[in-house]
Q: 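Okay, here's the structure, questions in a sec.
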There are 2 protein chains.
Amino acid sequence: MQTVKTSKGAETRRSILAMALQLFRERGYEKTTMRMVADAAGVTVSNVYYYFESKEHLVQAFYDSTHVEHLAVCEPMLENEAGLEKRLQIALRTKIETAEPYHGFAGLLFKTAADPKSPLNPFSDASEDVRNRSTDLMARIVDGSKARVPADLRRELPGLLWLYQMAVILFWIHDDSDGRRRTHRLIEKTAGLVTRLISISSAKLMAPLRKSALGLIEDLRQP
Amino acid sequence: MQTVKTSKGAETRRSILAMALQLFRERGYEKTTMRMVADAAGVTVSNVYYYFESKEHLVQAFYDSTHVEHLAVCEPMLENEAGLEKRLQIALRTKIETAEPYHGFAGLLFKTAADPKSPLNPFSDASEDVRNRSTDLMARIVDGSKARVPADLRRELPGLLWLYQMAVILFWIHDDSDGRRRTHRLIEKTAGLVTRLISISSAKLMAPLRKSALGLIEDLRQP
DNA sequence: GTCTATAACCGGATAGAC
DNA sequence: GTCTATCCGGTTATAGAC
């Protein structure tokens, strides 16, 4: 019997993570010490380090788990909606709503996010996996819609929409309005703008501009 | 005789900052300890803290100083150039070129930059001053050019171009190509795109989209 | 009121034994 | 895979000098 995953270790790991997230939510990231996490999970500090390279890596684990949760909430809602604008709104709204309990320390994410040396930054190789899964979701958003998108743009769109989502999240992190009113406003309006931009960009008149923009992306890809 | 500013204290402060920046450049931010900074400047640790609230505040001071340096290099070069695209390129190129010696630890900037709680974040009240000065530069870039810009867009353009600049800087931070080749490519191409977007947005056909976009900005301003 | 010094605190991280 | 003991560096308390 192979118990590689479900053995005691995995259980300890799970409990450490669960406790850490709870403490982060309750007291915020900075005010939660590794000693507290260890105590809450009933282990020693170095044991925590055995399972997680650093305090920030606990955040990475959280990041993964919100993505899973997001998918679970988002995907079913997409099923009965074919309009691109609405589909985008659903994706973004569910994103910030599932992340809401962690709003207080989500800034931390972007903090490390911006550090090129951190493995946690969303552009890094280490984050490739989560990034790909998010980008894939964006691809499904587009492909599942009835929007007509030029082939050249369609190739790049998922990546661009992922950037768009990152921008929305950045805004959300800085948003302290009631019920994140301002972020909801942002999503409502920009989803429409983005959709219109996509449809306009198909027009003959806009082809040169679209080609330049896509050419730029292509250029930037090579080192 | 009032020697509030030029007395010994100011000199100490200057020397601490100079030493800190040198160490940051040579060894990077993380590997430079406050004790080293103090030693190098010939003062004690608590003395460093007397002049700078925290290690991050040393970075803030650096940030200010790069802005001053940028202006000194950028403004003269703008004098003989009336094309908006070229003017944008000048501003952005000089920005990343004057910052080049600090590329290694510039990530740190964005790291704190993205944390909503940090006074160093470029959207914070504490950063209003530097932000305004940067935005003013963008206003001069536009106003000093021969580009025709609709009045409603002109009002928002400096802020938007500042955001554009932040995006370029973010790209630069993650750029480890030789001579920042990729960032230079990005600047070269996007300056043209932005300029074209501005000019296209004046077209009658594009007025509705432009209005929506500007309306969005207006909406987001209110809390 | 401006500045400097000593010593300690606190929390993230690690070494190494078992 | 878990523990004990320790390091290391940012930060602060406190006390006093100019």
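In what follows, chains carry the letters A, B, and so on, assigned in the order in which the sequence lines appear, proteins first and then strands, with residues in each chain numbered from 1. For clarity, every value in this text was computed on a predicted model and none was experimentally measured.
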Q: Please compare B/V45 and A/M34 by the position of their nearest nucleotide in DNA chain C and report the one closer to 5'.
A: B/V45

Q: Name the orientation class of the two ring planes belonging to A/Y102 and A/F62 (parallel below 30°, tilted from 30 to 60°, perpendicular beyond 60°).
A: tilted

Q: Atom CD1 of B/I16 and atom C1' of C/dA5: how far apart are they, to the nearest Å?
A: 14 Å

Q: Please determine whether a side-chain nitrogen of the Lys or Arg among A/R181 and A/D175 lies less than 4.0 Å from a carboxylate oxygen of the Asp or Glu.
A: no

Q: Under the ring-ring contact (aromatic ring centres under 6.0 Å, His included) rule, what pairs show up with a residue in residues 13-50 of chain B, not counting sequence neighbours?
A: B/F24-B/Y29, B/F24-B/F105

Q: Run the ring-centre check on B/H57 versus B/F52 and record whether the distance is less than 6.0 Å.
A: no

Q: Using the heavy-atom set of chain A and a strict 4.0 Å cut-off, write down the first and last nucleotide of DNA chain D that makes it in, 5' to 3'.
A: D/dG1 to D/dT4

Q: Please check the phosphate of C/dT14 (OP1 and OP2 only) for any side-chain N or O of A/Y49 closer than 4.0 Å.
A: no

Q: Quick one: pull up OG1 in B/T190 and CD in B/E85 and give me the separation to the nearest 0.5 Å.
A: 9.5 Å

Q: Please determine which of A/V142, A/L92, A/L137 meets the side-chain contact (heavy atoms from CB on, under 4.5 Å) test together with A/L161.
A: A/V142

Q: Find the distance A/K55:NZ to C/dT14:C1' and express it as a whole number of Å.
A: 17 Å

Q: Mind checking if A/F52 touches a base, just sugar-phosphate, or nothing, with heavy atoms under 4.0 Å?
A: nothing

Q: Want to settle it: does A/R35 or A/S46 sit nearer the 5' end of DNA chain C, counting the closest nucleotide to each?
A: A/R35

Q: Measure from the side chain of A/S54, starting at C-beta and using heavy atoms only, and say which of C/dA5, C/dA15, C/dA13 lies closest.
A: C/dA13

